[in-house]
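Contents: one structure, followed by commentary.
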Protein chains: 4
Amino acid sequence: MDTSDLAGADPEARPLPATARGRRRRQSLLDAAREVFARDGFANARITDIADTANTAHGSFYTYFASKEEIFVALLRELEEELRSPGPRDVQQDGDGSNRVEPYEQILRANRAYLTAYRKNRAIMVAWEQVATLDAGVERLRREASDRFVQRIEKSIRHWQDKGIADPDVDPVYAAMALTGMVSNFAYRWSARDADYEVGKAAEQLSLLWANSLGIRTPRGPGETSISRGRSGRQD
Amino acid sequence: MDTSDLAGADPEARPLPATARGRRRRQSLLDAAREVFARDGFANARITDIADTANTAHGSFYTYFASKEEIFVALLRELEEELRSPGPRDVQQDGDGSNRVEPYEQILRANRAYLTAYRKNRAIMVAWEQVATLDAGVERLRREASDRFVQRIEKSIRHWQDKGIADPDVDPVYAAMALTGMVSNFAYRWSARDADYEVGKAAEQLSLLWANSLGIRTPRGPGETSISRGRSGRQD
Amino acid sequence: MDTSDLAGADPEARPLPATARGRRRRQSLLDAAREVFARDGFANARITDIADTANTAHGSFYTYFASKEEIFVALLRELEEELRSPGPRDVQQDGDGSNRVEPYEQILRANRAYLTAYRKNRAIMVAWEQVATLDAGVERLRREASDRFVQRIEKSIRHWQDKGIADPDVDPVYAAMALTGMVSNFAYRWSARDADYEVGKAAEQLSLLWANSLGIRTPRGPGETSISRGRSGRQD
Amino acid sequence: MDTSDLAGADPEARPLPATARGRRRRQSLLDAAREVFARDGFANARITDIADTANTAHGSFYTYFASKEEIFVALLRELEEELRSPGPRDVQQDGDGSNRVEPYEQILRANRAYLTAYRKNRAIMVAWEQVATLDAGVERLRREASDRFVQRIEKSIRHWQDKGIADPDVDPVYAAMALTGMVSNFAYRWSARDADYEVGKAAEQLSLLWANSLGIRTPRGPGETSISRGRSGRQD
DNA sequence: AATGAATGAGATTTCATTCAT
DNA sequence: CATGAATGAAATCTCATTCAT
């Protein structure tokens, strides 16, 4: 079986079941799949287990999904909302400065949201990475999700550069990919090891690195002692 | 088959073959494995193919390796030199300032070396990621390699902070993981897409981000206009 | 699985097993297949049964054959000698009349040989008809075998017409197909029903019809009373 | 599933649906079955496809037919009129010679009718051959149809022999089977290959062979040059 | 009746690993 | 040791038929 590109074929081509019972059954298979994939990973998940977990004859699986890949993609689509990389979508156009969200604040929120979402679905996210190495369709899905995110960040960086609050030496394309990768890889590695996962601290540190790397001002108390300023000779 | 921890068992336990012929055959299997893993990925590689590629009977494979995982690990060990995360190993303790390498320069060299090495072995590196999700031993190997690297970076950061040339607000542990992850993820994603891979530019940009994020001075022409300095109102 | 054209792909591409043991095993699988196909027909034959009959692990089947179709084709090739439609291959060029075989005699021999061979392998022959409706490759095999035979007959008919001993109104192409079909269909239908199969009588009658249809002289005792001559009023 | 004798069980046992709607639905299933069997052959036809083609729920199929075999048999019965082997049913008892149809003419008409009917339903006819090898009931149906035909021909041959216009050496039983087989096999093989199908010429040639084989006079112009006569040196 | 979902027996196929020669 | 055949545990997938709604 060549499963290298099933995921991309006709996304959403398969119509939902006609009856409520069918839709319920489909849903229970999806729920079961989420559980099994999270527990066993994609490669070790067996269709039989998914069907069993859904209390379904294993033939019924094929009423709704053609393959393990297909249900996995369906699962990812179901997760789309959560998975949709939560970029700084709340960037506000400043006109008056009153209501304006500081860039650092935007970054922090986005990173915190991302880490939180990743953490919540960590098992599936890890499986996603895994499947992306096996199935071209899933890889494409991942790349597309990633690209959308990267482009949003890229646009933000340009915006900040135009406003003179980000280092103009930074190439927005490279930076967007590097910084989003920094966060997602961090999330991945922290998930992989069962290390303590202190979202707040992680989000803060990642955001600090992110902001610093772009030369964006980070909040520090008055009389701040940041090297980045300190080293620049200044000092009040 | 439970392959979850074969790789780690008895690292290096198996002695090299006694005869020259045996060593040659073992080597040809390793070469074949490198080719097959690179072409097919780990999951799709078949021992049959490796043996065939090495012009060896299938049964002979087991004379030298106990499993697909074992030969993969052997392959990784073989690659150790190249794979050894090329961190700033040439960090020099400065005493006199004459011979001293600037931190940014160290970072740049390390990143360029890493990207180059990754690129050269990209297929195996991707397979490594893949296997790490399947086999605990390989995962451990990866984590250990990664940890060694991370610790080296962590130490460097502390060193720079102690010398007052890096932002003290940055947590070295988080930063080391985030920044190494940034680079390796960047390398991974650029490998995944067949995009042009301009190592020089990538290394520069990554190093710029890296240095900025730590508040380390980056080389710019005199009268430099960098926001990061500009914004600090300064200047020497 | 689309099995519609496996048989034709690379005839004889698969090399024979390297060892004597392997060749023995392959042969025992072929023998088992012959038995199973004969007993159950192609559609109902299971690979498991073939392997069991050959006292082999059922996975071993796949060491030698990729599918049920492939072993069937191998079986047909093995039967080629017997199956090779035994046309009037012993047609002798007459020079002196002494040694010459009468056309009717040639026809009779050929038909008797064909009926005998068909009867001996009747179960496989019936399976062949069956598979030919399912698999394009087998159908091609059958058509080719048939065509070779038809062409030989066609040539004979032309030869007889040229010598003035066969009805010139008969179209050799149509006649060759019709008459070979008459014999093979007769054989098939007699095999299908478990009717008594008196080869001698059948061969005689078929040959009589065959010869008559071409206007070829058939042997009858002196003072013969055959209508066919009688009606013609004659005779020398 | 043992399908070996479903077809023959209770022929016509199942009454037609009581309501007009039911009869319509049954008919649409039959039409769909004809299409699907013709396209996919019996073995590859799926009940699902038949139901889909008839725009019917799968479950409804079983309201009207118990199995694939049953609908196939029903289809054959529906075709009975066309399929009814179009023998020389218009054989006329000659008393006066006025209205009489020449034997050759009868044969020609029958063959032309048969070839035409076969051609029109060739796909189903081929499927019939296929199913006959799989299902005893269908095989019986086929044999019965065939037998009826053969017996009619046998009777004709005896009749002609009695009247002295057919070769008495020919055994009517063998000849009837051989000659009907000749025609049906010819039809089958011409259908299998997509060769040009010139019904007129084929019917003529088959009839010529048929008549010749029985020693029946074929129409030729006066001063005819046919070998069959020519060679007899004759004539009255 | 009609619908379409549910069922599960059954067949194929893969391939890592073992073993006889 | 080399060889390549043997093994069989798994896993997937099909689809005729049954059943709940």
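For the numbers below, each heavy atom of this structure counts, side chains included, while hydrogens, waters and symmetry mates do not. The chains referred to below are lettered A, B, ... by the order of the sequence lines, with proteins before strands, and numbering in each begins at 1.
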* What's the CD-P distance between A/Glu69 and F/dA11, to the nearest Å? -> 15 Å
* For C/Arg25 and F/dA6, is the shortest distance between a side-chain N/O and OP1 or OP2 below 4.0 Å? -> yes
* To do: Return the value, rounded to whole Å, for the distance between atom CZ of B/Phe65 and atom C1' of E/dT17.
  => 16 Å
* To do: Indicate the ring-plane relationship of B/Phe42 and B/Phe72, choosing parallel, tilted or perpendicular according to the 30° and 60° boundaries.
  => perpendicular
* **Interatomic distance, C/Arg26 CZ vs F/dG4 P [rounded to whole Å]** => 17 Å
* May I ask you to test the D/Leu30-D/Tyr64 pair for a side-chain heavy-atom distance under 4.5 Å? => no
* **Residues which pass salt bridge (charged side-chain N to carboxylate O under 4.0 Å, His left out) with A/Glu35, listed by chain and number, not counting sequence neighbours** => none
* How would you list, by chain and number, every residue that makes a salt bridge (charged side-chain N to carboxylate O under 4.0 Å, His left out) with A/Arg21, sequence neighbours excluded? -> none
* To do: Could you summarise the pairing of DNA chain F as dot-bracket text, marking Watson-Crick and G-U pairs under 3.5 Å with ( ) or [ ] inside the strand and | across strands?
  => .||||||||||||||||||||
* Between C/Pro17 and A/Lys68, just flag the one whose closest nucleotide in DNA chain F comes earlier from the 5' side. => C/Pro17
* To do: Check whether any side-chain nitrogen or oxygen of C/Tyr64 sits under 4.0 Å from OP1 or OP2 of F/dA5, and answer yes or no.
  => no
* To do: Check whether any side-chain heavy atom of A/Thr56 sits under 4.5 Å from a side-chain heavy atom of A/Ile50, and report yes or no.
  => no
* **salt bridge (charged side-chain N to carboxylate O under 4.0 Å, His left out) partners for B/Arg24, two or more places apart** => none
* Can you check whether D/Arg77 reaches D/Leu141 side chain to side chain, under 4.5 Å on heavy atoms? -> yes
* **Sorted by number, the residues of residues 36-53 of chain D with heavy-atom contact under 4.0 Å to DNA chain E** => none
* Asked: In whole angstroms, how far is the P atom of E/dG4 from the CZ atom of A/Arg24?
  -> 16 Å
* **Distance in angstrom units between C/Glu70 CD and E/dT13 P, rounded** => 11 Å
* Within residues 55-63 of chain C, find the residues that approach DNA chain E with a heavy atom at under 4.0 Å, and present them sorted by residue number. => C/His58, C/Tyr62
* Asked: Roughly, in whole Å, what's the span from CG in D/Leu29 to C1' in E/dT3?
  -> 13 Å
* Could you tell me whether the side chain of B/Asn121 and the main chain of B/Ile124 form a donor-acceptor pair under 3.5 Å? => no
* Is there side-chain contact between C/Thr63 and C/Arg25, with heavy atoms separated by less than 4.5 Å? -> no
* Ring geometry between A/His58 and A/Tyr62 (parallel below 30°, tilted from 30 to 60°, perpendicular above 60°) -> perpendicular
* To do: Taking the side chain as every heavy atom from C-beta outward, state whether B/Ile71 and B/Phe61 have any atom pair closer than 4.5 Å.
  => yes
